[in-house]
Amino acid sequence: MSAMDGERDTSSDGPTFEDLGLRPELLAALTALGYEEPTPIQTEAIPPLTEGRDLLGQAATGTGKTAAFSLPVLQRLPAERGPAPDALVLVPTRELAVQVSEALHKYGRDLGARVLPVYGGAPIGRQLRSLESGVDVVVATPGRALDLVQRGSLQLGQVGTVVLDEADEMLDMGFAEDLDAILDETPETRQTVLFSATMPRRLDALARRHLRDPVRITIAREQAAAGQSPRVTQTAYVVPRAAKSAALGRILDVESPTAAIVFCRTREEVDSLTETLNGRGYRAEALHGGMSQEQRDRVMGRLRGGTADLLVATDVAARGLDIDQLTHVVNYDVPSAPEAYVHRIGRVGRAGREGVAITLAEPREHRMLKTIEKVAGASIAVQKVPTVADLRARRLELTRAALRESLLTDELDRFRVVVETLSDEFDLMEVALAAVKLAHEAGGGSDDDEEIPQVSFRPDQGTSRGATKSGRRREGDDRPPARGARPGGPVARLFVGMGRDAGVRPGDLVGAITGETGLTGRDVGAIEIHQRFALVEVPESAADEVVQALRATMIKGRKATVRRDRS
Ligand code: AMP
């Protein structure tokens with residue numbers, strides 16, 4: 001693209017991780033991870049937390065809150081570390097326990113931090129042995145933590161910091177008393193940190209009981225400064241992490257941007273996505289803060305010279321780039337703050353031109369996207385990733401347009417002899433079909449595309465916070481449902497003994513259910529397709545009928561085991 005002009009100074013204006021006073025070991029880990037600058041929540045939270053202040057933070061997933069509390073926890077680990085933990089992080093689910101301990105482990109690499117995730121459902125023996133051999137930070141679900149405390153295996157007398165992460169979720173899941181009991185086991189002099197996506201009244205009460213003079217941090221609620229054009233069409237696609245690069249490829253194929261910039265969070269992501277995109281036949285160039293000015297100049301040269309179509313960049317690297325004629329801005333991740341979103345999409349739709357802003361969101365980033373909509377005053381339409389059928393339709397349309405163009409403008413006479421010869425043997429329509437096929441394939445149309453799983457935001461996110469009332473969430477519940485419809489009222493989850501291996505897709509299950517019962521597609525809830533089985537939610541009142549009907553019918557030409565899910 002010849003659209004990149006006017007490169008300006010790209011130096012950062014906000015504080016750096018160094019400015020936040022982090023230890024060299026942590027700075028080294030962040031550099032290795034490709035984090036270029038702190039997110040707003042990190043900028044605000046890290047200094048008071050490293051000083052030892054209590055903190056009450058309102059922040060959703062996607063803001064960088066895990067690093068905001070993990071870095072100070074690691075920073076404050078004492079030089080002399082005994083066998084008992086120095087910090088305790090409490091989280092609502094085992095998935096989050098694993099994620100947070102992985103984050104602590106990554107950041108604490110050079111400090112040799114010993115981090116142990118502890119959650120229900122896993123064999124307790126290994127957790128007991130690890131605790132005995134000594135740990136620095138325990139990341140636990142409240143139920144299992146209390147269990148271990150009561151057995152005397154988890155000793156909290158040395159704990160200097162307690163973090164309650166996703167505290168609203170923990171309250172929703174009925175952990176209030178467990179939290180009180182656990183906190184009572186820790187020293188009164190401890191530092192207490194509470195993060196929550198929402199601040200219901202019950203949470204205030206919890207905070208009053210356990211926090212002392214906390215610093216309060218909330219994502220800004222005021223309307224973000226302008227810069228956003230109404231001519232920017234804003235769309236978000238909900239995509240599971242593993243399918244993101246495939247989904248991006250699909251979206252780019254359908255959108256065919258003239259000039260696009262794809263924003264990533266880290267240098268590593270920039271590099272690996274650029275490689276993936278180039279592997280898929282796009283002409284992508286990476287731009288990040290780790291590159292020398294000379295490398296950056298070379299990239300910009302290639303963009304101006306039209307030998308590249310996509311720029312994959314971090315916020316820092318793209319700062320100050322003035323890119324004319326940019327048609328698309330893609331957020332490969334939900335930006336960590338509404339201001340970053342507004343700033344990014346302000347790059348398209350300039351000078352009255354139309355622009356498109358596309359955001360790829362993981363199912364768990366729902367709340368952050370909602371916050372962005374509210375703060376940025378934006379309206380972001382959530383769409384399904386184009387299906388293989390959409391893509392094929394689009395490619396056929398391109399082939400049709402190319403043929404029409406050729407019919408209108410090309411000199412075709414020299415091919416007449418081919419058609420005439422063939423028409424002795426075949427119908428003209430057949431000859432035309434074969435010619436279209438060849439033209440289609442030559443234009444890159446192939447039929448070997450893989451379906452990308454269709455997911456939606458979890459039904460219990462957003463307003464219907466009571467959806468987990470039936471009990472504590474168990475393993476796997478954090479996985480994204482593969483479909484968005486939401487049966488009203490109580491739902492039953494059914495197990496179907498066929499999955500991806502058997503070629504089952506969400507549509508097959510919806511088809512079988514609606515075809516064999518009185519239910520409509522809207523009645524069918526979340527669907528998860530796994531390798532060897534699938535889970536599907538239906539209204540509780542119709543569950544038995546659906547089980548009977550599915551047992552009696554064929555799915556993908558086979559009879560499947562169908563029952564209520566007991567796992
Ligand atoms: P969280 O909101 O804690 O779930 O973090 C969301 C994602 O942002 C995670 O994948 C982090 O690895 C990433 N992340 C956190 N802080 C930064 C940063 N300062 N720069 C780049 N990526 C970050």
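In this chain, numbering begins with 1 at the start of the sequence shown. Numbering of ligands and ligand atoms starts at 1, following listing order. Just so we're clear, the structure is a prediction, and the values are computed from it rather than from any experiment. All heavy atoms count here, side chains included; hydrogens, waters and symmetry mates do not.
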Between Ile182 and Pro142, the two heavy atoms sitting closest are CD1-O, 3.5 Å
For the pair Phe69 and Phe195, name the ring-plane relationship: parallel under 30°, tilted 30 to 60°, perpendicular over 60°. tilted
Ligand-residue contact atoms, ligand 1 with [X], heavy atoms, under 4.0 Å:
X     : result
Lys65 : 1 (P), 2 (O), 3 (O)
Thr66 : 1 (P), 3 (O), 4 (O)
Gly62 : 1 (P), 2 (O), 4 (O), 6 (C)
Gly64 : 1 (P), 2 (O), 3 (O), 5 (O), 15 (C)

Any N or O of [X] that comes nearer than 3.5 Å to an N or O of ligand 1?
X      : value
Thr63  : yes
Thr266 : no
Tyr107 : no
Arg241 : no

Distance (rounded to the nearest 0.5 Å) between Leu203 CG and Leu164 CG: 8.5 Å
I'd like to know if Lys106 and Glu102 make a salt bridge, using a cut-off of under 4.0 Å between side-chain N and carboxylate O. no
Note the single closest protein heavy atom to [atom], along with its residue, its atom name and the distance in Å.
atom                    : value
atom 18 (C) of ligand 1 : Tyr35 CD2, 3.5 Å
atom 21 (C) of ligand 1 : Arg265 O, 3.3 Å
atom 16 (N) of ligand 1 : Gln42 NE2, 2.7 Å

Phe195 contact mode with ligand 1 (heavy-atom cut-off under 4.0 Å): neither
With sequence neighbours left out, which residue pairs that include part of residues 326-335 fulfil the salt bridge (charged side-chain N to carboxylate O under 4.0 Å, His left out) condition? Arg241-Asp333, Lys244-Asp333, Arg265-Asp333
Once salt bridge (charged side-chain N to carboxylate O under 4.0 Å, His left out) is applied, what residue pairs with a partner in residues 199-211 remain, sequence neighbours excluded? Asp172-Arg202, Asp180-Arg209
Going by heavy atoms, is Glu37 under 4.0 Å from ligand 1? yes
Give me the one residue out of Thr266, Thr16, Thr314, Thr31 that meets side chain to side chain donor-acceptor pair (under 3.5 Å) with Glu36. Thr314
Are more than 12 heavy atoms, taken from residues, nucleotides or ligands other than Glu275, located less than 6.0 Å from that residue's CD atom? no
What verdict does the side chain to side chain contact (heavy atoms under 4.5 Å, CB included) test give for Thr327 and Val348, after you've listed the backbone C-alpha separation in whole Å, the side-chain angles of each residue and the deciding distance to 0.1 Å? CA-CA 6 Å; Thr327 54; Val348 285; 5.8 Å; no
